[in-house]
*Asks:* 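Would you mind keeping the following structure in view while I ask a few things?
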Amino acid sequence: MKTDTKISAKKSWAKSLARPAAEFPLTQLSVKSGKIPEGLRGTLYRNGPARLERGGVPAGHWFDGDGAILAVHFTDVGATAVYRYVKTAGYLAEEKADKFLYSNYGMTAPGPVWLRWTKTVKNAANTSVLALPDRLLALWEGGPPHRLDLQTLETQGTDDLGSLESGSSYAAHCKRDPITGNIFNFGTTPGASTKLNLYKSDPTGKIVQQATVALDGIPLIHDFVLAGKYLIFFVPPVRVKFLPVLAGISSFGDSFEWKPELGTQILVIDSETLSLVSRGETEPWYQWHFANGFVKEDGSVAVDFVRFADFQTNQRLKEVPTGETSTDAEGTLCRVHLNPLTAKVTGIEELLDKPCEFPIVPAAEIGQDARYIYLAMYRPDVDIVPERFGAIARLDTQTRNLTIADCGENRYPAEPIYVPDISSEKGWIVTVIYDGNSDSSEVWIFDSDGLSREPICKLELPGVIPLGFHGTWKAAV
């Protein structure tokens, strides 16, 4: 009998995305091993694409899936979890129709080409989360945030943060200054002259200051960095061919051109005034995510990020929903040194020569010289092309010592989140694991100083959480 090699060739991670994820109500979690640390009190929130097909039609790109939020609440009586889709207007309309209705990052709207340009882009609300004192925001690249209840995750509509203009975007990677509590973010307004819109909010999320910087063409900017008194943007040499998108002939994701001759543009913004300090240019690369940035003693700035040689990473991520990846496109952790007054790069060094992504530092050290960077990596000795990340790690930027937590065969961790202990100087790393061996998901808690040791605690989740993107931690009040 002939076997279906297409199915057997898929790795275990593919099962987590193979079907739309199922919501579950607030549920007490059982402890699989160990115990919850006494000082771990607060809530872990995670966001990611949870539905990648409708009516048998697959989504065009991993970025197109409907967002769903996981909340894991840690209290004195244990841990509870709830998992819910963000009930965006687009999600509700497509649920009712049981088919795709809108264009998205990697999709054109269904129907005749001459009608597609009249259809809106669906806000997938699937990329990250921002925990505010009174609400949770589900963030997405191309539109406003959605407001959710911190406990139940009930969707309460879009949120304009007090003054976000209708139709404006509020990107997924906001930065919170641990000293002032102010929150920085951006959005882009594409056009003949694209605008980079800068936002500063107070700790409640209310926008208190805005500014705009002009950009060349229509680039793809996913993230930026807070480095002391500066906000720094790397604008990679990727540009959208806008007319095919506007006409509904091509999706955004399929309309990007890699133009290395443009180089990477560097923008340095004063975080106090939101004014442009300097603009420079350096060699071409692409990046999705920054780890951190800080001002050194000599006044120069160091920026740590995951650097890709080109934009092939977009194709690799497009393949993820199919359950099989064949494009080799990986990034390594690098540090750029630059003069903030001129935006001139004075040096580039590789901090870690192994493929990695989702770099983070403790929230209390954002914008400062943080010694440790936590990130997702591949397990040792695996063929990385068909695989997804199977380990998390901590890099000591002073000694360059790397501590790896290998999660085991067919187990896939989410981005590691650093959680401070409420009663000591200790810290924990919390991640959500998809276990392809049992087709289940768990929460694993590691000692941040002992990632190579077994997790302190493993908690069983009542349903599968698909491989996703970003999360945050909100300490108990």
*Asks:* With a 6.0 Å cut-off (strictly less than), is the heavy-atom count around CD of Glu257, excluding the residue itself, greater than 12?
*Replies:*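 Yes, the 6.0 Å shell around CD holds more than 12 heavy atoms from other groups.
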
*Asks:* Measure the spacing between CZ of Phe256 and OH of Tyr286 and express it to the nearest 0.5 Å.
*Replies:*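 Atom-to-atom, Phe256:CZ and Tyr286:OH are 7.0 Å apart.
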
*Asks:* Any donor-acceptor pair under 3.5 Å linking the side chain of Thr188 with the backbone of Pro190?
*Replies:*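 No.
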
*Asks:* Which pair of heavy atoms, one from Ser255 and one from Ser250, lies closest together, and at what distance?
*Replies:*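 Taking every non-hydrogen atom into account, OG-OG, 2.7 Å.
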
*Asks:* How long is the gap from CG on Asp396 to CG on Leu351, to the nearest 0.5 Å?
*Replies:*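 Here the rounded value is 11.0 Å.
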
*Asks:* Ion pair present between Arg19 and Glu53, side-chain N to carboxylate O less than 4.0 angstrom?
*Replies:*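 No, this pair does not count.
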
*Asks:* Could you tell me whether Glu281 and Lys344 have a side-chain N and a carboxylate O separated by less than 4.0 Å?
*Replies:*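 Salt bridge flag = no for Lys344 with Glu281.
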
*Asks:* What's the shortest heavy-atom distance between Leu17 and Val320, and which atoms?
*Replies:*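 Smallest interatomic distance, heavy atoms only, reads CD1-CG1, 3.5 Å.
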
*Asks:* Within the side chain of Thr346, is there an N or O that forms a donor-acceptor pair under 3.5 Å with the backbone of His337?
*Replies:*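 Yes: the side chain of Thr346 pairs with the backbone of His337.
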
*Asks:* If the threshold is 4.0 Å, N to carboxylate O, is there a salt bridge linking Asp216 and Lys259?
*Replies:*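 Lys259 and Asp216: not salt-bridged.
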
*Asks:* For the pair Thr322 (side chain) and Glu324 (backbone), establish whether a donor and an acceptor sit closer than 3.5 Å, ignoring hydrogens and angles.
*Replies:*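 Yes, the answer is positive, given that a donor and an acceptor are paired below the 3.5 Å cut-off.
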
*Asks:* Donor-acceptor pair, Asp369 side chain versus Phe294 backbone, under 3.5 Å?
*Replies:*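 No, the answer is negative, given that no donor and acceptor are paired below the 3.5 Å cut-off.
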
*Asks:* Given side chains that start at C-beta, do those of Asp66 and Pro49 come closer than 4.5 Å, heavy atoms only?
*Replies:*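 A side-chain contact is absent here, since even the closest heavy-atom pair is not under 4.5 Å.
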
*Asks:* With a 4.5 Å cut-off on side-chain heavy atoms, are Ile373 and Asp304 touching?
*Replies:*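 In contact.
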
*Asks:* Start with the C-alpha gap between His289 and Phe305, add the side-chain angles, then the distance that decides, and say whether ring pair (Phe, Tyr, Trp, His ring centres under 6.0 Å) holds.
*Replies:* CA-CA 6 Å; His289 301 122; Phe305 68 108; over 10 Å; no

*Asks:* Can you give me the closest heavy-atom contact between Thr264 and Trp285, atom names plus distance?
*Replies:*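 Of all heavy-atom pairs spanning Thr264 and Trp285, the closest is OG1-N, 3.1 Å.
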
*Asks:* Are Ile417 and Thr472 packed together at the side-chain level, in the sense that at least one heavy-atom pair is separated by less than 4.5 angstrom?
*Replies:*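 With C-beta onward as the side chain, the pair stays apart.
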
*Asks:* For Tyr91, does the six-membered ring have the charged nitrogen or CZ of Lys122 within the cation-pi criterion, i.e. under 6.0 angstrom from the centroid and within 45° of the normal?
*Replies:*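 That pair does not qualify as a cation-pi contact.
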
*Asks:* Is a salt bridge present between Lys87 and Glu154, judged by a nitrogen-to-oxygen distance below 4.0 Å?
*Replies:*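 Between Glu154 and Lys87 there is no salt bridge, as every charged N stays at least 4.0 Å from the carboxylate O atoms.
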
*Asks:* Is it true that the NZ or CZ of Arg394 lies under 6.0 Å from the centre of Tyr372's six-membered ring and within 45 degrees of the ring axis?
*Replies:*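 Verdict for Tyr372: a cation-pi partner in Arg394.
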
*Asks:* Any chance you could lay out the ring pair (Phe, Tyr, Trp, His ring centres under 6.0 Å) test for Trp13 and Phe389, step after step, and finish with the verdict?
*Replies:* CA-CA 9 Å; Trp13 61 263; Phe389 300 117; over 10 Å; no

*Asks:* Taking the side chain from Thr194 and the backbone from Gly217, do they hold a donor-acceptor pair closer than 3.5 Å?
*Replies:*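 Yes: the side chain of Thr194 pairs with the backbone of Gly217.
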
*Asks:* Relative to the ring of His222, is the ring of His470 parallel (under 30°), tilted (30 to 60°) or perpendicular (over 60°)?
*Replies:*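 The arrangement is tilted - the two ring planes meet at 30° to 60°.
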
*Asks:* Answer yes or no: is there a donor N or O on one side and an acceptor on the other, between the side chain of Ser278 and the main chain of Ala343, under 3.5 Å?
*Replies:*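 Flag set: sc Ser278 to bb Ala343 pair under 3.5 Å.
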
*Asks:* With rounding to the nearest 0.5 Å, note down the distance linking CG in Leu164 to OH in Tyr170.
*Replies:*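 If I round to the nearest 0.5 Å, the distance is 8.5 Å.
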
*Asks:* Answer yes when Glu350 and Arg335 have at least one side-chain N-carboxylate O distance shorter than 4.0 Å, and no when they do not.
*Replies:*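 No, this pair does not count.
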
*Asks:* Mind checking side chain to side chain donor-acceptor pair (under 3.5 Å) for His146 and listing every partner two or more places apart, or none if nothing turns up?
*Replies:*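 His146 satisfies side chain to side chain donor-acceptor pair (under 3.5 Å) with no other residue.
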
*Asks:* To the closest 0.5 Å, what do you measure between CG (Leu198) and CG (Leu196)?
*Replies:*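 So the gap between those two atoms works out to 4.5 Å.
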
*Asks:* If I take atom CG from residue Asp177 and atom CD1 from residue Ile183, how far apart are they, to the nearest 0.5 angstrom?
*Replies:*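 The CD1 atom of Ile183 is 10.5 Å from CG of Asp177, to the nearest 0.5 Å.
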
*Asks:* Tell me whether Asp270 is salt-bridged to Lys229, with the criterion being a basic N under 4.0 Å from an acidic carboxylate O.
*Replies:*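 No, no charged N to carboxylate O under 4.0 Å.
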
*Asks:* In terms of the angle between their ring planes, are His73 and Tyr45 parallel, tilted or perpendicular, with boundaries placed at 30° and 60°?
*Replies:*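 Judged by the thresholds at 30° and 60°, the geometry between His73 and Tyr45 is perpendicular.
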
*Asks:* Under 3.5 Å, is there a donor-acceptor pair linking the side chains of Glu319 and Thr327?
*Replies:*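 Note: Glu319 and Thr327 side chains meet the donor-acceptor criterion.
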
*Asks:* Within the side chain of Asp64, is there an N or O that forms a donor-acceptor pair under 3.5 Å with the backbone of Tyr105?
*Replies:*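 Flag set: sc Asp64 to bb Tyr105 pair under 3.5 Å.
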
*Asks:* Tell me if a side-chain donor or acceptor on Asp328 pairs with a main-chain N or O of Val385 at a distance below 3.5 Å.
*Replies:*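 Side chain of Asp328 to backbone of Val385, a donor-acceptor pair under 3.5 Å: no, none is there.
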
*Asks:* Applying salt bridge (charged side-chain N to carboxylate O under 4.0 Å, His left out) as the test, list every pair that has at least one member in residues 283-298; sequence neighbours left out.
*Replies:*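 For residues 283-298, and leaving out neighbouring residues, the salt bridge (charged side-chain N to carboxylate O under 4.0 Å, His left out) pairs sorted by first residue read Glu283-Arg307.
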
*Asks:* Within this structure, what is the CZ-CG distance for the pair Arg176 and Leu130, rounded to the nearest 0.5 Å?
*Replies:*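 So the gap between those two atoms works out to 5.5 Å.
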
*Asks:* Salt bridge check: are Lys318 and Asp254 linked by an N-O gap of less than 4.0 Å?
*Replies:*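 Looking at Asp254 together with Lys318, the answer is yes, because their closest N to O distance falls below 4.0 Å.
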
*Asks:* Between Leu137 and Asp159, is a side-chain contact (heavy atoms from CB on, under 4.5 Å) present by the stated rule, with each step listed?
*Replies:* CA-CA 8 Å; Leu137 299 184; Asp159 195 314; 3.7 Å; yes

*Asks:* May I ask you to decide if Asn182's main-chain N or O and Thr180's side chain share a donor-acceptor pair within less than 3.5 Å?
*Replies:*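 Pair found, side chain donor or acceptor close to backbone of Asn182.
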
*Asks:* Could you tell me whether the side chain of Arg84 reaches within less than 4.5 Å of the side chain of Ile69, counting heavy atoms only?
*Replies:*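 Result no, sub-4.5 Å side-chain heavy-atom pair not found.
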
*Asks:* Between Lys200 (side chain only) and Gln210 (backbone N and O only), is there a donor and an acceptor less than 3.5 Å apart?
*Replies:*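 No, Lys200 side chain to Gln210 backbone: no donor-acceptor pair under 3.5 Å.
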
